[in-house]
Structure formats: C-alpha cells, structure tokens
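Single-structure report; data block below.
Throughout, a chain's letter reflects where its sequence line sits, starting with A, and its residues are numbered from 1.
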2 protein chains.
Amino acid sequence: MNNAGDRGRRGRPRDPERMRRVLEAASSQFMRQGFGNTSMDAVARASGVSKVTIYRYFPTKEALFEACIKGRTQAVFSDLSPAELDPNDPRGALTRMAERFVALKRSDLGIGAFRAMYAAGGQQEAACRAFFRQGPAQLVAQVARYLEAAQKAGSVALDDATRAADQFLALFFGVADIRALLGLGKPTTQQDREIIAQNVRMFLKAYGVGDAGPKP
Amino acid sequence: MNNAGDRGRRGRPRDPERMRRVLEAASSQFMRQGFGNTSMDAVARASGVSKVTIYRYFPTKEALFEACIKGRTQAVFSDLSPAELDPNDPRGALTRMAERFVALKRSDLGIGAFRAMYAAGGQQEAACRAFFRQGPAQLVAQVARYLEAAQKAGSVALDDATRAADQFLALFFGVADIRALLGLGKPTTQQDREIIAQNVRMFLKAYGVGDAGPKP
DNA sequence: GAACATGTATACTGCACAGTATCGTATCCA
DNA sequence: TGGATACGATACTGTGCAGTATACATGTTC
C-alpha cells in the first residue's frame, strides 16, 4: 500500500527502511571518522544497500552528509526539555540541565558531531548552518527560557538571559572538553560531576540570589 | 660553514631556509584546509621545494603535520605573558589577557589550528597531544599563575586557581566562537569587545573582591 | 500481463594523491 | 680533483575513492 504522496505512482514504491539503514550507517561513519575519511563504498557495505541505490536518493556525498546532520542534531539535542524545571531551584535545575548536556557532549555521537562539523567548517556551509541552528542555538534558547522563568521567580538576577545562558553552557567547553574532542581521553563520570558542580556554583555566585549570590 | 652537529659531514649541507619555507607553506595549508584536504604536491608547489626533498626531511605526511603543529602552537600561544600584569587590578588584567586570547582565536591561524586539530582528533594522537600541551594547557597555566598572584594580593577570592582559569577561558568558547569555527562568520571587533567585557564582569561577580564581588 | 519504478551486482572511468625511481645538477669537504 | 651529500624535475606506481554504465531482478499499478 502506498501513502498519500505516492498515490498514482506506477512502479515499485521506495522502501523507507532502506534509507533509514543508509542514514544510520552513514551517520555512524561520518561521526566516527569525519567527512573526508568516510567512503561511499563503506557506507554501502555497512548499510547493506547498493551504492547505486544510495545515489538514487542522494545526488552527492555532500547531500548525504547534510541529511545525516539534520537527522542527528535533532536526536542529540531534542530530549532536553526544561519545561518541568523549578524556577525557584536554580541550583537543581541548572545541575540537571548540565548533566543532560554533558552526557550528550561526552557520547560518541556528541563528540563525533562536533568533530565532524568543525572539520567541515568552511567547506560544507549549508550543513554547518543546519547544525548550528538545530544544535547549539537551540540549547542556548532553552537554557535562556529557563533563566527568564527563574528571573521572574526572583531566584536569579541577570540583565540578559540569552547571554547568561551562553556563558553557562560555554563553561563546559573547558580543557576537559577540549581533551575529549582531541581524542585524548574523556573525563570519568565522577570528574564530570565535579565539573558540573563547580560550574553551577560559579554561575550562581555571579548571578544567583540567596545563599551563594550577592544580595542586591 | 656547518654547525656543530654536521661537523665532519662530507657532502653538501642541508639548507635550513628550505625547511623553513616548507614548514611555513605546509602550516598555512594544514591550518586553512585541514590535514586530509592538503596534498604534498600542493605543499611542494607553494613552498617552491621539490616533493622529493620534502620527503628527505619528513618520512611521511603525518610527520610533517606534527612538525607544523609544534612550530605553530608556540607561535600562537607564546606571546601571552602575564608577567607584568597588575595583581591589584584584576579587571584590567583579565581584560587584557582576554583581548590577546580572543585576537589569537579569531585569527585565521587560531581558527585553523583548532579546526585542524579537532578534525585530526582520534587519528593523529601524537600531534593532538603536542597541540594540547603547548596550546590550551599552557594558556590555562598562565592565567592561573596570574590569578594566584591576584589571590595573594587579595583582589580575588577563589579556592582553585587552575579551575578558575579554565572557567575564565572557557567563557570565550560560546556560540560566537562556535559560529566562527563552523565558518559561519566571525564577530566584529566591537562585538568581541562586548563579549570580553561581559565575561570579565561575570567572572569577577563570581570571584572578585570589591566593587563587583561579594564581600567575604 | 504490460509498463514502469525500485532495487542488486559488478565492472568501469576518471581523478587525486602518497610515496618512489631515475637522472642530472649544485655544493660542500678532504 | 674527486668523493659524498643535498637538491630539482619529471615521470611513474599503486591505491583509494566518487560517480557512472550496464545488465538483470523484483515489486506495483493499470
């Protein structure tokens, strides 16, 4: 049975399962080895789909790459919803958001995504733009939304929520993160917990109201 | 005339000028396009040194790459010496260090270095290690050294200078920096000035003593 | 069943590039 | 002057890979 879009098409319908396999295999390879070191033959082999078929869906290697980015960034960043975070408990809320963020960033996927995108920087502009919009920009917006709620609740004091959100997330791009991106070893879970605690504390010393923050 | 190491060598001595040209051309290309997209033929062409000669000095492309990193990281990071910074004026000192750091990071060289290294991550471990040691690690140590002096002078209050230095530098890895690394456009000098001012202010709200910081 | 789109398998073209071989030349030392 | 080493120019080998061509099989719709 065809879906509505293919109504009236004469020949054999496309098999979406195949494309799913192609995108999965290609994403995995791109994230692990980058764009340059991934061959279409390897993708075909890993996905079990013939190279010719892949080229029927994606006219060039670049097009396949971009499709992978679009799919993966959503998977990487979408499950971070601050909807139910308590505006009166910034320490807890920020810690929870940071935990999610760090977990994503430390995953092979997160590391691979940043690596592949940086490597592609300046040469795959469309893909980079998509990555930025659906990745980092999205995250900052989400944190900023929470900070605005906390600001209204009087638990933080800041003048620009977006900038503060940017600063908060940037704190997790320190040497530990650089080391991980360079492939020199990830921090342990315990070390990450420590980093998160220190960064939340530092952030709240600057912007918090109450125990750790400056009284206005 | 030969130098001491070549004393007694029979034939024609090596020409260091040639190697300088090779390293310069190779660095430029590696930083601009990354490891994978730079060909030895192009390096030979750009440097005016024949490929065979290059291979006499560097057995493989990887070896040349590593030599470039070693040379460039020193050039990039070494001119940031906080020796004469005033421990009693953390706002001014941090601003000056940040200005230097941001200028380096925004240069084609700085962007290229990070890009190339991230792209090489997991595949050129020796080069990455050298880059990390002589780059980010060095910088954090320098900032930490200043913060310790300021701590002694009583102008900041912190418990771990190295971590604080790491946090300070990490603040400059926010979305503006990500955009630049992705090739989506650098911030203007004015915007960078703004970013620096905001980050210094935020840092001193957390750790400063006096006007902006919390009294202990 | 005819017409048509999707799929596989395999071989091929064309190109870029790492690294080598050869030969001739330039420059140093003894 | 002669032996030794550093260079250049050029052509070559081998390989990996993007993308194509061809021939055939499979499923869908009319």
Side-chain angles (χ1 to χ4, degrees), chain A residues 1-23 25-26 29-30 32-68 119-120 123-124 127, chain B residues 1-26 29-30 32-68 116 119-120 123-124 127:
Chain A
M1 200 58 70
N2 281 335
N3 53 24
D6 287 342
R7 182 83 62 193
R9 288 278 289 272
R10 286 292 298 278
R12 174 180 177 177
R14 291 190 164 185
D15 182 355
E17 166 64 12
R18 253 171 247 284
M19 280 308 97
R20 209 191 48 74
R21 286 202 334 250
V22 169
L23 282 171
Q29 305 227 3
F30 282 140
R32 217 181 304 276
Q33 317 162 21
F35 181 81
N37 296 319
T38 297
S39 77
M40 294 297 269
D41 285 287
V43 171
R45 211 168 14 231
S47 64
V49 176
S50 95
K51 196 166 72 162
V52 184
T53 301
I54 296 177
Y55 273 100
R56 245 198 280 278
Y57 282 77
F58 306 100
T60 66
K61 190 182 174 187
E62 280 77 13
L64 175 59
F65 180 69
E66 197 166 334
C68 287
Q123 286 162 63
Q124 316 286 338
Chain B
M1 202 56 70
N2 282 336
N3 53 23
D6 288 341
R7 183 81 62 193
R9 288 277 293 271
R10 288 293 299 280
R12 174 179 176 179
R14 291 189 164 183
D15 183 355
E17 167 65 11
R18 254 172 246 284
M19 282 306 97
R20 208 192 49 73
R21 286 205 328 254
V22 169
L23 282 171
E24 190 173 307
Q29 303 227 4
F30 282 140
R32 217 180 304 276
Q33 317 162 21
F35 182 81
N37 297 318
T38 297
S39 77
M40 294 296 269
D41 285 288
V43 172
R45 214 172 7 237
S47 64
V49 176
S50 95
K51 197 165 70 160
V52 185
T53 301
I54 297 178
Y55 272 100
R56 248 197 278 278
Y57 283 77
F58 306 99
T60 66
K61 189 183 174 187
E62 281 77 11
L64 175 59
F65 181 69
E66 198 166 333
C68 288
Q123 287 162 64
Q124 316 286 339

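Near DNA chain D, meaning a heavy atom under 4.0 Å from it, residues 38-50 of chain B has B:G48, B:V49, B:S50 in order of number. Contacts of residues 56-68 of chain A with DNA chain C (heavy atom under 4.0 Å): A:R56, A:Y57.
Between the OG1 atom in B:T60 and the CE atom in B:M40 there is a gap of 7.5 Å [rounded to 0.5 Å]. Atoms CD and OG, on B:Q29 and B:S39 in that order, are 7.0 Å from each other to the nearest 0.5 Å. The structure places CZ of B:R32 at 9.5 Å from OG1 of B:T38, a figure rounded to the nearest 0.5 Å. Distance check, rounded to the nearest 0.5 Å: CZ of B:R21 to CD of B:E24 gives 9.5 Å.
Residue A:T53 has no polar side-chain atom (N or O) positioned under 4.0 Å from OP1 or OP2 of C:dG7.
Applying the side chain to side chain contact (heavy atoms under 4.5 Å, CB included) test to B:M19 and every residue at least two apart in sequence or in another chain returns B:V22, B:Y57, B:F58.
The distance from atom NZ of B:K51 to atom P of C:dT20 is 10 Å, rounded to the nearest whole Å. Between the CZ atom of A:R18 and the P atom of C:dT6 there is a distance of 12 Å, given to the nearest Å. The separation between B:R14 atom CZ and C:dC29 atom P is 16 Å, rounded to whole Å. Rounded to whole Å, the distance from CD1 on A:I54 to P on C:dT6 is 16 Å. As rounded to whole Å, 17 Å separates atom C1' of C:dG7 from atom OH of A:Y55.
In plain terms, the two heavy atoms of A:A25 and A:V43 that are nearest each other are CB-O, 4.2 Å. Considering all non-hydrogen atoms of both residues, A:S47 and A:I54 come closest at OG-CD1, 4.4 Å.
Closest approach to the B:P13 side chain among D:dA9, C:dC28, C:dG7 is made by C:dC28 (side chain taken as heavy atoms from C-beta onward). The side chain of B:V52 lies closest to D:dT10, out of D:dT10, D:dG8, D:dT20.
Between B:F35 and B:F65, the ring-plane angle classifies as perpendicular under the 30° and 60° cut-offs.
Between the side chain of B:R12 and the base of D:dT5, no donor-acceptor pair under 3.5 Å is found.
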